[in-house]
Amino acid sequence: MAPLAMENQITEGEEEIATKYKVTIVGSGNWGSVASKLIASNTLKLNSFHDEVKMWVFEETLPTGEKLTEVINNTNENVKYLPGIKLGKNVVADPDLEHAVKDADMLVFVTPHQFMEGICKRLVGKIKGDVQAISLIKGMEVKAEGPCMISTLISEQLGINCCVLMGANIANEIAVEKFSEATVGYREDKDVAQRWVQLFNTSYFQVSAVQDVEGVELCGTLKNVVAIAAGFVDGMDMGNNTKAAIMRIGLVEMKAFSKLMYSSVKDTTFFESCGVADLITTCLGGRNRKVAEAFARNGGKRSFDELEAEMLQGQKLQGVSTANELYEVLNQRGWHELFPLFTTVHEICIGRLPPSAIVEYSEHPPTPVEDSA
């Protein structure tokens, strides 16, 4: 073979390697670790992705005196947040946030939502300009001008496109490969959405894409508030009929709030995995329901912070902080009467009302938002 032809062949090969997408996961809790397992299994199979998956880990010292990142890399297991599950040998834990993200073409954000503003500030100027992002984070930031979804926070602070992934996804069940579904929400670029679908989709984790970022993300955010209400019902032993009623009314308020905030939100989104399915599973088995049940059984005398520390081994509740943030939005806009369930959940959480009040708000039913044509 002529030297020039050989040189061209090498160049083409290098270009082919250069088109492979590098993936970094920002976060390593329960759901972040499961996400790394899903993604790592796919990067090994798909030629368009680099095999190695980096996972930024907030460094902790375990009771044994070992560093969490070292244990993850030595045992291929997050012994604190996902014990007993192998993540994939191509998952590399990195305690240095800037180092973990610097070469990434695709960033997966999966941390408690209250930490995201600080993380974004640290990443300004430290990532590739054309990097694509996806948020698995359920929550919102409330600013003076109103609520800011986490995907919007990421997009605005980092100047990058950000999709979302939400669904009926209790992490420990996905970790042991029980069948589940999820929804990717995207704005305009369907090809990017399909790349995310490729990255997450497995035989036991079925992913579809819809063009409705705000609808998908608000479903994932607001359902945690309804799950707190469902937990109160369980803690008061009110029964399945009451719980079903609370879930239905919660879904009505989720839809009404979403469409008041964003007229672009689609009715059909509420029938995706991110909508009614996520609401059902979270109200039946999620951590927000579990801790809210304990709160009600203790008559509201033990704080959510105390119960969270005792029951969740370092994991964070999202529902209580989201209920507080949602209450701020309702305050700003004078919408309390439109959303009696959301309002009542917050007032129970802060001790203004007893847990039994979860069924007493119904004298003021929510005003439904008409379906769009």
Side-chain angles (χ1 to χ4, degrees), residues 113 138-140 142 147 166 168-170 218-258 260 270 274-305 307-308 311-312 316-331 335-369:
H113 77 275
K138 297 171 178 178
M140 66 175 82
V142 178
M166 306 281 157
N169 304 146
I170 291 177
L218 276 166
C219 279
T221 297
L222 298 175
K223 56 94 187 186
N224 282 327
V225 180
V226 185
I228 295 286
F232 295 153
V233 169
D234 288 342
M236 301 298 295
D237 293 318
M238 291 176 174
N240 290 330
N241 292 344
T242 304
K243 189 169 179 178
I246 290 294
M247 290 165 66
R248 185 199 68 78
I249 295 164
L251 182 60
V252 170
E253 291 199 12
M254 286 169 58
K255 182 181 175 189
F257 182 84
S258 299
L260 280 172
F270 295 89
C274 63
V276 65
D278 195 8
L279 176 66
I280 291 168
T281 197
T282 309
C283 288
L284 295 182
R287 71 183 74 152
N288 290 281
R289 188 220 61 81
K290 176 182 176 182
V291 179
E293 178 183 359
F295 180 89
R297 291 199 185 283
N298 283 279
K301 293 175 183 174
R302 296 184 66 195
S303 72
F304 272 100
D305 286 343
L307 292 167
E308 175 189 86
M311 299 175 71
L312 298 184
K316 293 293 181 184
L317 281 179
Q318 297 295 300
V320 175
S321 57
T322 301
N324 178 57
E325 290 151 356
L326 188 54
Y327 191 84
E328 286 186 49
V329 177
L330 301 183
N331 251 348
W335 287 351
H336 286 300
E337 288 191 5
L338 293 177
F339 300 96
L341 179 62
F342 289 163
T343 299
T344 301
V345 168
H346 172 70
E347 291 181 337
I348 294 172
C349 288
I350 63 172
R352 192 177 292 159
L353 291 173
S356 60
I358 197 61
V359 295
E360 293 168 8
Y361 71 89
S362 54
E363 300 166 14
H364 307 287
T367 302
V369 170

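Just so you know, these numbers use all the heavy atoms, side chains as well, and skip hydrogens, waters and symmetry mates.
When side chains are defined from C-beta on, L251 does not count as touching V226, because their heavy atoms never get closer than 4.5 Å. Side-chain contact between L260 and L338: present, with at least one pair of heavy atoms (C-beta onward) separated by less than 4.5 Å. For the pair E253/I249, a side-chain contact is recorded, criterion being any heavy-atom separation below 4.5 Å from C-beta on. With a 4.5 Å cut-off on side-chain heavy atoms, L284 and R289 do not count as touching. Residues I280 and M247 meet the side-chain proximity criterion, which asks for heavy atoms closer than 4.5 Å. Within the 4.5 Å cutoff, the side chain of H113 has heavy atoms near those of the E325 side chain.
Closest approach of S258 to L222, counting heavy atoms only: OG-CD1, 3.8 Å. The shortest non-hydrogen separation linking M236 to S356 is CE-CB, 3.7 Å. Smallest separation of non-hydrogen atoms from C219 and K223: O-CG, 3.0 Å.
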Determine, stepwise, if the pair R287 / M311 fulfils side-chain contact (heavy atoms from CB on, under 4.5 Å).
-> CA-CA 9 Å; R287 71 183 74 152; M311 299 175 71; over 6 Å; no
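Ring-plane geometry between F232 and F295 is classed as tilted, the angle between the planes lying from 30 to 60 degrees on a 0 to 90 degree scale.
Using a 4.0 Å cut-off between charged side-chain N and carboxylate O, R297 and D234 make no salt bridge.
Considering only residues two or more places apart in sequence or on other chains, A229 meets the side-chain contact (heavy atoms from CB on, under 4.5 Å) condition with I246, L341, V345, I358.
Expressed to the nearest 0.5 Å, how far CD1 of I350 lies from CG of N324 amounts to 8.0 Å.
Proximity of a side-chain donor or acceptor of K243 to a complementary backbone N or O of C283 within less than 3.5 Å is detected. Between the side chain of T343 and the backbone N or O of F339, at least one donor-acceptor pair lies under 3.5 Å. Put simply, the side chain of N288 never gets that close to the backbone of A227: no donor and acceptor are under 3.5 Å apart.
Taking the six-membered ring for Trp and the full ring otherwise, the centers of H336 and Y327 sit less than 6.0 Å from each other.
The environment of CG in N241 is sparse: at most 12 heavy-atom neighbours from other residues, nucleotides or ligands sit within 6.0 Å.
The side-chain contact (heavy atoms from CB on, under 4.5 Å) with F257 is formed by just one residue from the set L330, V252, V225; it is L330.
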